[in-house]
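Accompanying notes for the structure given below.
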Amino acid sequence: KEKKHSELSASGTERWWNCPGSVALIRDCPPSKTTWYSAEGTVAHEVAQCILTDKPYKKKYFVDSHGDIVNAKVEDCHEFDVTEEMLDAVYVYVEFVQDLIKKHKLKPQHILIEKRVNLPGHDEDGTRRTGTADTILHVPMTCLIVADYKHGQGTPVATEGNHQLLNYMWGSYYDLDEDDRADVEFIYGYVVQPRGRGNGITSMMRTPAELDAWHDECLKRIERTKEPDAPLSANRKWCKFCPVKFNEETGQYCVEHKSLSHIDASVDFEDMNTLDKVDTLTPERLAVILTNKKSVEEWFKQCEELAYNWVYKQDKKIPGYTKGFSRSSSEWKIKNELELSKELRKIFSPTEILKPSTLKTVTDLRNDLKTQRTQAKKAKQPIDIWDEKIVELESLIEVVPGKPKVVADKGINENEFDDINE
């Protein structure tokens with residue numbers, strides 16, 4: 001909780017480093033509630049910590065509106081099942097850390113998981129800045145390794161020059177005893193993001209002298225946030241998670257972010273029916289549209305999040321929209337892969353249920369049986385055996401309901417969207 005309440009948190013460094021005036025503005029905002037995505041990340045970190053410290057993790061977690069894991073579901077609580085998809089991502093990080101431990105033959109005293117460290121500078125109230133590093137590995141007489149796990153999907157988190165990670169690298173280095181620090185030549189920082197793009201693991205390296213230079217600059221940036229006329233600076237990179245983009249209590253926008261939004265929306269949607277016809281686009285016009293694609297998508301995403309909060313949490317009405325669900329999905333009832341494979345072997349041969357290294361998905365095996373049934377029917381062979389196999393397979397499958405979302409109310413015409421600047 002101390003970490004979450006810090007005005008100069010490590011996770012927010014990119015914002016206050018570049019937009020020092022945002023710190024004072026945030027004080028006037030109502031407390032922000034944790035989003036579903038950040039809550040999911042909290043659960044994934046908890047599961048990873050349990051695995052790396054040889055502790056059992058739960059099958060279901062509840063995260064309250066403050067972002068804390070709680071024992072029972074309460075109001076405004078996010079509920080998560082630890083799915084195979086989550087474990088697949090978590091294990092990329094876990095196995096990466098375990099491989100480093102094995103490679104360097106590290107002893108328990110050299111391995112720190114979810115370790116709180118001191119960071120450069122102090123908050124406005126004089127409290128020392130602190131942060132929690134996901135993994136710190138001290139290789140005696142050699143180096144220090146700091147790993148940061150990101151469960152977020154889609155947009156990759158840049159590693160080189162990542163201020164959040166540099167906070168942890170500096171804090172981890174100065175948390176060492178003086179004698180141990182003298183033997184560290186390099187500090188390595190890794191970002192592990194399995195659900196991003198590329199291979200999901202990127203790194204940077206700093207010497208102690210380079211970290212000291214970053215520390216000095218960090219202290220200057222912290223002091224700027226405390227100035228009465230600290231400037232504002234808008235950029236999609238650090239505005240994305242800033243709570244002062246729009247203050248629900250006062251109805252006020254951040255002036256800098258609002259101007260950025262108008263610049264971004266340089267594609268003129270004067271009338272949705274008058275959008276450019278694709279076959280009439282010029283190369284220059286197409287360049288403008290593609291350049292602003294990300295901004296418009298991000299704007300729609302924020303609108304969907306606002307709609308969800310209004311409909312589900314504030315019981316507000318949105319004309320033409322109602323409560324609904326995303327598409328449901330099918331999962332195996334048996335979560336243990338060894339036990340599941342035993343049951344599947346009663347229906348399939350061992351080679352039929354396996355991909356190169358894992359079990360096939362529900363959809364793959366369903367399609368396999370349907371294909372074989374169709375082929376038997378075309379060949380005028382008995383299909384009873386395939387019908388029985390399909391029934392047996394379905395007995396191993398459960399339907400997981402889709403997540404709540406705001407959907408269009410069928411039968412109501414969509415309102416015309418006159419001007420995107422509104």
Side-chain angles (χ1 to χ4, degrees), residues 1-35 37-39 41-42 45 63-69 76 114-134 146 148 150 152 157-158 161-172 174-175 189 211 214-258 260 302 305:
K1 289 185 178 179
E2 292 172 5
K3 174 181 64 177
K4 289 168 190 164
H5 295 159
S6 172
E7 289 187 333
L8 301 170
S9 65
S11 60
T13 305
E14 192 71 42
R15 172 184 49 75
W16 56 256
W17 185 285
N18 293 286
C19 182
S22 63
V23 175
L25 284 182
I26 289 174
R27 292 192 196 117
D28 298 328
C29 277
S32 57
K33 296 179 181 179
T34 190
T35 66
Y37 300 100
S38 62
T42 299
H45 274 79
V63 181
D64 66 16
S65 60
H66 302 295
D68 299 316
I69 292 177
D76 289 338
E114 293 293 326
K115 176 69 167 63
R116 183 171 287 278
V117 295
N118 288 320
L119 305 179
H122 296 77
D123 275 318
E124 181 71 24
D125 61 1
T127 305
R128 181 63 191 249
R129 292 181 63 235
T130 60
T132 303
D134 294 338
V146 181
D148 191 27
K150 301 293 186 186
V157 175
N162 182 308
H163 290 300
Q164 180 181 7
L165 185 54
L166 284 165
N167 270 289
Y168 299 147
M169 291 166 67
W170 184 90
S172 302
Y174 277 97
D175 252 27
L211 281 183
W214 174 85
H215 163 268
D216 293 343
E217 179 62 24
C218 186
L219 293 183
K220 293 178 183 177
R221 300 279 178 158
I222 289 173
E223 289 307 309
R224 283 188 72 196
T225 69
K226 300 174 183 179
E227 296 171 359
D229 56 348
L232 295 169
S233 174
N235 185 291
R236 285 192 300 272
K237 185 177 180 182
W238 54 80
C239 287
K240 184 174 182 180
F241 300 109
C242 180
V244 297
K245 286 184 294 188
F246 178 70
N247 187 331
E248 288 189 6
E249 284 193 358
T250 64
Q252 296 297 311
Y253 287 89
C254 167
V255 176
E256 286 297 310
H257 185 267
K258 188 173 183 180
L260 173 69
Q302 291 174 17
E305 290 177 356

Cys218 to Pro120 - nearest heavy-atom pair and separation: SG-CB, 4.1 Å
For Ser65, all residues meeting side chain to side chain donor-acceptor pair (under 3.5 Å), sequence neighbours excluded: none
Side chain to side chain, Glu14 and Gln164, heavy atoms closer than 4.5 Å: no
Value rounded to 0.5 Å, distance of OG in Ser22 from CZ in Arg27: 10.0 Å
Leu25/Leu232 under side chain to side chain contact (heavy atoms under 4.5 Å, CB included): CA gap, chis, key distance, verdict: CA-CA 10 Å; Leu25 284 182; Leu232 295 169; 3.6 Å; yes
Spacing of His163 atom NE2 and Tyr168 atom OH [to the nearest 0.5 Å]: 14.0 Å
Pairwise side-chain contact, Ile222 with Trp16, heavy-atom cut-off 4.5 Å (strictly under): yes
Heavy-atom donor-acceptor pair, His215 side chain to Leu211 backbone, under 3.5 Å: no
Residue pair Asn162 / Asp148, side-chain heavy-atom distance below 4.5 Å: no
Side-chain heavy atoms of Val23 within contact of Arg15, under 4.5 Å: yes
Glu217: partners by side chain to side chain donor-acceptor pair (under 3.5 Å), with sequence neighbours left out: Arg221
Residues in side chain to side chain donor-acceptor pair (under 3.5 Å) contact with Asp76, at least two apart in sequence or another chain: Lys33
All salt bridge (charged side-chain N to carboxylate O under 4.0 Å, His left out) counterparts of Asp134, not counting sequence neighbours: none
Side chain to side chain donor-acceptor pair (under 3.5 Å) against Asp175, all qualifying residues, sequence neighbours excluded: Lys115
N/O donor-acceptor pair under 3.5 Å between Trp238 side chain and Ser233 backbone: yes
Any residue meeting salt bridge (charged side-chain N to carboxylate O under 4.0 Å, His left out) with Glu227, in chain and number order, not counting sequence neighbours: none
Side-chain touch Asn167/Arg129, heavy atoms, less than 4.5 angstrom: yes
Note, Glu223 side chain near Pro20 side chain (heavy atom, < 4.5 Å): no
Heavy-atom donor-acceptor pair, Asp123 side chain to Gly126 backbone, under 3.5 Å: no
